[in-house]
Amino acid sequence: MSTKRFTTIIIILIFVLAAIMLVSLGVGAVSVPPAQVITILLNPTDPSLSTANITIVRELRLARILLAALVGAGLAAAGAAFQGLFRNPLADPFVVGASGGAALGATIAIITGATWAFAGFSAVPLAAFIGALAAVALVYSIAEAGGRSSVITLLLAGAALSTLLSAIVSLLMLMSDKDLQTTFSWLMGGFSGKSWSHLWASAPYIIIGTLALWLLSRPLDALTLGDDTAQSLGLPLKQTRGVLVAAATLVTAAAVAGSGIIGFVGLIAPHAARLIFGAAHHRLIPASALLGAILLVLADDLARTIVAPLELPVGIVTSILGGVFFLYLLKSRQHLLRG
Amino acid sequence: MLDLNAKKLSFAYANWQVLQGLQLNARPGEVLGLIGPNGVGKSTLLHTLSRILRPDAGKVLLADKDVWHSPPRDIAKQMALAPQRIGQQPMMTIEQAVALGRAPHRGWLMPLTPHDRAAIRRALAQVGLWEMRHRTVNELSGGEQQRVVLGRVLAQEPKVLLLDEPTSHLDLKYQSEILGIVKKLAHDDGLTVVISMHDLNMAALYADRLALLHAGRVIAAGPPAEVLTAEQLSHVYGVPVVVTIHPIYGTPLVMPVLPNES
């Protein structure tokens with residue numbers, strides 16, 4: 001694919017995302033027509049608008065949809081990076097233990113009824129953020145401890161710790177006399193009730209981490225050719241892996257803090273992007289991020305409307321749709337999913 | 001033009017001593033063939049030479065400087081390795097994969113310069129992949145993938161070229177073509193080439209000197225006619241062989257002798 005064609009498709013996707021977000025602003029328990037949405041965004045003092053609609057669009061939905069787009073973009077970029085780093089098509093943003101750590105952190109915060117806050121995060125997301133970082137740091141230090149480490153060790157350590165941590169989470173939930181509903185719906189992930197403060201708390205980490213991953217695209221390309229090749233091209237393996245894991249984990253932890261654990265977006269968006277744009281990461285990372293944003297905004301629309309006026313946790317929507325889509329891809333285009 | 005020397009090199013995996021005080025000298029303008037049975041340590045030696053595996057003892061000297069005293073990127077500007085196991089290939093175009101060979105020169109963030117582009121174009125042409133440069137690597141045959149790897153190391157424009165069985169998946173035509181390219185790089189451009197090979201007859205044809213590995217050491221080194229003797233080969237490979245002479249080039253020609261059926 002030529003650079004020109006790639007740029008064209010990316011620009012089209014940006015417009016698609018913008019259009020979807022615009023429509024999404026009008027969708028929900030109260031529906032607002034797209035024309036009115038545009039007026040509310042551009043000219044909120046227009047006397048023909050109802051204050052209720054202005055509040056719904058500007059205060060409630062805009063922040064939530066922007067957060068969904070950002071989290072989708074971040075998870076997809078992190079997924080693309082981990083798939084490249086591990087040369088494994090099954091890798092996702094949680095592959096090195098971030099989800100288990102986040103779940104444990106959040107569960108502890110919910111069960112103990114913690115109320116402290118820091119840097120724009122309240123207790124539960126902050127505990128999830130710290131839990132994710134701590135779990136990945138532990139996995140990474142174990143995997144890189146013995147001399148000549150390999151990505152397989154990292155992968156196995158991540159899987160083992162994730163299982164261990166999720167068992168601890170289940171144990172805590174069983175032993176707790178608190179309402180399990182909060183913990184459970186947090187573990188499913190969702191954007192219900194998210195506001196501007198949530199967006200501002202997560203956004204810097206997701207944006208900086210994703211840009212860092214994009215800057216690391218060439219080292220990622222080299223790593224997908226194998227460790228030997230990457231090293232013979234002069235790439236310091238340990239340091240590069242460390243920086244990559246750190247950047248991807250920062251993005252993942254901030255995404256989880258913003259919305260709970262949302263599965264499948266970080267697995268599917270990179271695969272779809274790779275089918276269209278190929279595996280060279282300077283294209284794959286931005287393309288995955290865009291597709292991830294589109295997917296998660298759409299999934300959130302479904303989560304808000306499918307059982308309205310109630311809401312589903314968006315993690316359920318992504319897991320069901322994502323699972324079906326992924327199985328379909330495996331069945332019909334198995335040969336394309338490799339690499 | 002750079003000499004590559006291994007001085008008393010030792011390397012062990014866990015409790016398997018692969019290299020044991022190995023000595024090797026590779027010179028500019030010459031193709032040095034590494035031969036020896038499976039598992040004798042040819043790949044390990046090449047990985048040690050290319051600063052991927054750190055030796056337990058001894059040194060690898062590139063132009064008389066210990067490779068472990070320089071940062072990996074400086075070494076990568078001068079020395080390239082084409083690994084044997086290339087494994088699962090990404091959904092990248094041939095051109096993108098070959099362009100990665102420029103990484104040590106351009107850094108990990110810089111765009112391609114005209115010189116980079118010229119090097120990539122030349123490398124693609126040399127391995128006969130220019131026409132198909134937009135195809136993706138993961139859908140190529142084993143032999144084509146091997147040519148992509150060779151294209152990448154050529155794009156790296158090294159002074160020292162380390163090749164780990166670069167022709168193991170190639171048919172006779174491409175074997176000759178690739179080995180011909182390698183020989184030309186050594187003889188015309190003065191590169192130092194170290195190449196591990198299974199096919200002793202190809203080794204005899206294309207290498208200027210051979211090093212025969214056995215029990216962690218080089219037990220014979222020199223022109224093919226001196227190294228490829230029936231006595232030495234039978235000892236190292238553990239099977240009887242007969243060595244005759246190539247009808248056209250006069251190089252040694254090694255053939256197995258069937259065991260006596262009794």
Side-chain angles (χ1 to χ4, degrees), chain A residues 1-3 5-6 80 83-89 146-148 151-152 211-212 214-240 243-244 270-284 333 335-339, chain B residues 13-14 43 46-47 49-54 70-93 95-112 134-139 145 148-149 152-153 155-156 158 161-162 164:
Chain A
M1 185 184 295
S2 68
T3 310
R5 185 142 168 249
F6 170 75
Q83 284 167 17
L85 174 64
F86 290 112
R87 293 187 287 279
N88 188 322
R148 192 169 144 79
V151 289
I152 303 293
L211 285 177
W214 194 25
L215 284 177
L216 289 164
S217 5
R218 214 175 300 144
L220 265 171
D221 283 350
L223 285 171
T224 56
L225 295 177
D227 288 356
D228 290 352
T229 301
Q231 276 180 294
S232 74
L233 289 170
L235 191 72
L237 268 195
K238 230 174 172 169
Q239 291 90 322
T240 312
V243 176
L244 277 168
H271 278 292
R274 203 177 286 111
L275 290 181
I276 308 171
F277 301 101
H281 288 85
H282 66 287
R283 289 177 176 184
L284 182 63
R333 318 186 69 171
H335 63 289
L336 286 176
L337 278 183
R338 299 208 195 105
Chain B
Y13 293 107
S43 293
L46 285 170
H47 279 74
L49 291 177
S50 62
R51 200 193 184 280
I52 290 177
L53 292 178
R54 189 166 204 150
S70 305
R73 214 179 113 193
D74 288 358
I75 299 298
K77 284 180 191 167
Q78 308 175 60
M79 182 157 69
L81 168 76
Q84 179 191 3
R85 285 187 305 257
I86 43 184
Q88 178 78 59
Q89 289 296 292
M91 207 184 283
M92 231 181 249
T93 66
E95 193 173 25
Q96 287 167 337
V98 169
L100 276 172
R102 298 307 299 165
H105 298 281
R106 64 200 278 226
W108 295 99
L109 292 175
M110 293 298 131
L112 289 170
H134 297 304
R135 284 185 53 193
T136 52
V137 178
N138 61 323
E139 58 190 29
Q145 290 185 349
V148 174
V149 172
R152 196 193 64 241
V153 296
Q156 207 170 331
L161 192 53
L162 307 173
D164 198 356

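The sequence lines fix the lettering, A, B, ..., with proteins before strands; numbering per chain opens at 1. Note that the structure is predicted; figures quoted are calculated from it, not measured.
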Could you give the side-chain donor-acceptor pairs of residues 216-226 of chain A under 3.5 Å, partners two or more places apart or in another chain?
from     : atom 1 : to       : atom 2 : distance (Å)
A/Ser217 : OG     : A/Trp214 : O      : 2.3
A/Arg218 : NH1    : B/Gly107 : O      : 2.7
A/Arg218 : NH1    : B/Met110 : O      : 3.1
A/Arg218 : NH2    : B/Met110 : O      : 2.6
A/Asp221 : OD1    : A/His281 : N      : 2.9
A/Asp221 : OD1    : A/His281 : ND1    : 2.8
A/Thr224 : OG1    : A/Asp221 : O      : 2.6

For the atom pair CG (B/Leu81) and CG (A/Asp228), what is the distance rounded to the nearest 0.5 Å?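 Interatomic distance, B/Leu81 CG to A/Asp228 CG, rounded to 0.5 Å: 7.0 Å.
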Spatial distance of atom NE2 (B/His105) from atom CG (A/Leu233) [nearest 0.5 Å]: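 Here the rounded value is 9.5 Å.
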Heavy-atom distances under 4.5 Å only: say whether [X] touches chain A with side chain, backbone, both or neither.
X: B/Ile75; result: neither
X: B/Pro83; result: side chain
X: B/Arg152; result: side chain

What pairs with B/Arg51 under side-chain hydrogen bond (donor to acceptor under 3.5 Å, both in side chains), at least two apart in sequence or on another chain?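 Checked B/Arg51 against side-chain hydrogen bond (donor to acceptor under 3.5 Å, both in side chains); zero matches.
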Let's test your reading of the structure: which of B/Gln96, B/Arg106, B/His134 forms the most heavy-atom pairs below 4.5 Å with chain A?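 Option with the top pair count is B/Arg106.
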Closest approach of A/Ser232 to B/Ala76 (non-hydrogen atoms, all atoms of both residues):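 Closest approach of A/Ser232 to B/Ala76, heavy atoms only: O-CB, 3.5 Å.
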